[in-house]
Amino acid sequence: MSHAIEAEGLVKTYPKGVRALDGLGFAVEEGTIFGLLGPNGAGKSTTVKVLTTLSRPDAGGARVAGLDVLRRPDRVRRVIGLVSQRSAVDPEATGRENLTLQGRLYGMEGRELRGRVAELLERFGLAGAGKRVARDYSGGMQRRLDIATGLVHRPKVLFLDEPTTGLDPEVRADMWRMIRELARDEGLTILLTTHYLEEADRLASRLAIVDRGRVVAEGTPEALKSELRGDALQIELGDGQTNGEVHRALASLAEVRDVVLEGRRLRARADDGPRAVPVVLQALESAGVRVASVTVSRPSLDDVYLRHTGRRFEEADRAEEVKTR
Amino acid sequence: MTSLKHTWYMTLRHLRALARQPWYIAFTLVQPMIYLLLFGSLFQKITGLGHFGTADYIAYLTPGIVVMTAMFSGGWSGMGMVFDLDRGVMDRFLVSPVRRGSLINGRVAQGAIVAAIQALIILVVGLVRGARFDGGPLGVLALIASAVLLAAPFIALSNATALMVRKEESVIGAVNFILLPLTFTSSVFMAKDLMPGWMQTVARFNPANWAVEAARDAALQAHPDWGSIGTHLGLLAAFTVVAVALATRAFRAYQRSV
């Protein structure tokens, strides 16, 4: 199977010495949705900028649809669509005008263009709003127009940079459905960047976890999670427990490992979660540790992230947000 | 061919936005009207000093205000570019096969049309205020050409500034720090012969002065010096070409920084 996107050893340093990409590389099979998952500031958007010819890397290279991004940016531009993190809708123009201008820039004209514009307005539920200026659209409508704009010229590869950031949960679910349908119906290759674990999990057939400008793990969401072997146990403890007590109680148990106590929250891993629960509870009880609640879950991408980077996804996300502010 | 088409598409985009907010032009004329009507009346007697080429200060001032308005309007053009950069609009264009030059040319074309409309409105107000323009239709045409050719390079430079600094504040700063001094070192308000010597020297190299000299000569004189007008307009056209080329190159600077 051929690759729609290949990136290798991408390095990009911004003035002020911020290293956005630090040897990042991955490959995307044609016709699939590939997720780049990482906290804010991990280098996802910079990767998209390089792959869409907007920015040049300091080192490394990339091919999109078989075309060299650095040597033939003009040809790459003809076969890609970009839906960037910030809305690219012209608010002073109507939905129809936005789409028409975009098509014209790719040399589309006349009936072909009109047909395509009408089709996209229909598909994205904007048929009734095509003649209104985009300024009056809701956030969800603008986002849909954004995606439609990225598709007018029938690109082979679509870049969706944080497509649902800032949208309501309902609108987000709607957007997910649309993205899935797109990949299925149009045979598109989609590169999706996101800092929502759930989004990557649901949409991407493969994903790369990006941290500090490099890929730290890559695979299908299922494979990444099963690498962790077993289930996650989360136990809320009652008041007044000390680390020592808890560890002493659980250290000798064969059923659990990776025991971590954060405040009153105890995390551990078990090959067979349901079977480990009674054993753990009994051990804690005989050590005099009170338990408020127990949850058993399949490992999440958050656990995968923790395992590869040593920090929780949310912490990293928040830390970066503070830094970039 | 493609460049022309793309320029037309971009011009259309900006003209549509303007057509949806026509009051924008009225808004840009508030300050010029204050200058023309209040400043014009305040300094009415100044022509008594001589060297103005006319006894009517309003008639003297009108072409000056036309030119000044065109230059400032052009200077603000970069604000639209900052807006496009802040949203993802410009990035969307830059990853498409659009010709970079057309992104500047479209704004220049729209700005030229705005400058012409502003010029006509100011001219009409001048006429209503009793100014006489002996240059006739041809003189008025040359006056509009001066305004357009002064607006154009400043539109391009304003967009270049926007691309390189990407901040509204910087565009505002550039407009005030550069365009205001250019206005006062030209004969917009004061006859050139009455300016201090060093200012007269500066005025010779000042595009605003090229435009106002050409505009005033063409509009006010029954027999204008077309040779001098042609030279001034030619200089402005050359300045425009350089400024547009510079602004188009500024896209590279922008792309290096993202």
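Residue numbers begin at 1 in each chain, while the letters A, B, ... track the order of the sequences.
Taking OG from A:S45 and CG from B:D91, the interatomic distance works out to 10.5 Å, rounded to the nearest 0.5 Å.
Using a 4.5 Å cut-off between heavy atoms, B:S257 contacts chain A through its backbone alone, with no side-chain atom that close. Only the backbone of B:L85 comes within contact range of chain A, with heavy atoms under 4.5 Å apart. Looking at B:D84, neither its backbone nor its side chain comes within 4.5 Å of chain A, counting heavy atoms on both sides. Only the side chain of A:V133 comes within contact range of chain B, with at least one heavy atom under 4.5 Å from a heavy atom of that chain. For a residue to count as touching a neighbouring chain, one of its non-hydrogen atoms must lie under 4.5 Å from one of that chain's; by this rule A:L101 touches chain B with the side chain only.
Side-chain atoms of B:V258 and A:L54, non-hydrogen and from C-beta on, do get closer than 4.5 Å to each other. Side-chain contact between A:R77 and B:S96 is absent, with no heavy-atom pair separated by less than 4.5 Å. Taking the side chain as every heavy atom from C-beta outward, A:R104 and B:L12 approach each other to under 4.5 Å.
Remark: of the listed residues B:R99, B:M10, B:R92, B:M10 is the sole one forming a side-chain contact (heavy atoms from CB on, under 4.5 Å) with A:L105.
Enclosure of atom CZ in B:R100 by more than 12 non-hydrogen atoms of other residues, nucleotides or ligands within 6.0 angstrom is indicated. No more than 12 heavy atoms of other residues, nucleotides or ligands lie within 6.0 Å of CD in A:E8, so this atom counts as exposed by the packing criterion. Within a 6.0 Å radius of NZ in A:K156, no more than 12 heavy atoms belonging to other residues, nucleotides or ligands are found. Counting non-hydrogen atoms of neighbouring residues, nucleotides and ligands closer than 6.0 angstrom, the CZ atom of A:R86 exceeds 12 such neighbours.
Taking the charged nitrogens against the carboxylate oxygens, B:R20 and A:E92 have no contact shorter than 4.0 Å, which rules out a salt bridge.
Note on A:V50, A:V76, A:V89, A:V83: by heavy-atom pairs under 4.5 Å with chain B, the leading option is A:V89. The candidate from A:Q85, A:K12, A:R75, A:R78 with the greatest count of non-hydrogen atom pairs under 4.5 Å with chain B is A:R78.
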| said: Go through it in stages, so that I can follow the logic: the residues are A:E97 and B:R16, the test is side-chain contact (heavy atoms from CB on, under 4.5 Å), and I'd like the CA-CA distance, side-chain angles, deciding distance and then a yes or no. | reply: CA-CA 10 Å; A:E97 286 163 3; B:R16 275 199 186 119; 3.2 Å; yes
| query | Taking it one step at a time, do A:D90 and B:R87 satisfy salt bridge (Lys or Arg N to Asp or Glu O under 4.0 Å)? | reply | CA-CA 9 Å; A:D90 176 0; B:R87 292 183 72 100; over 6 Å; no
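What you find for A:S84 and B:G88 is that their closest heavy atoms are OG-CA, 4.1 Å.
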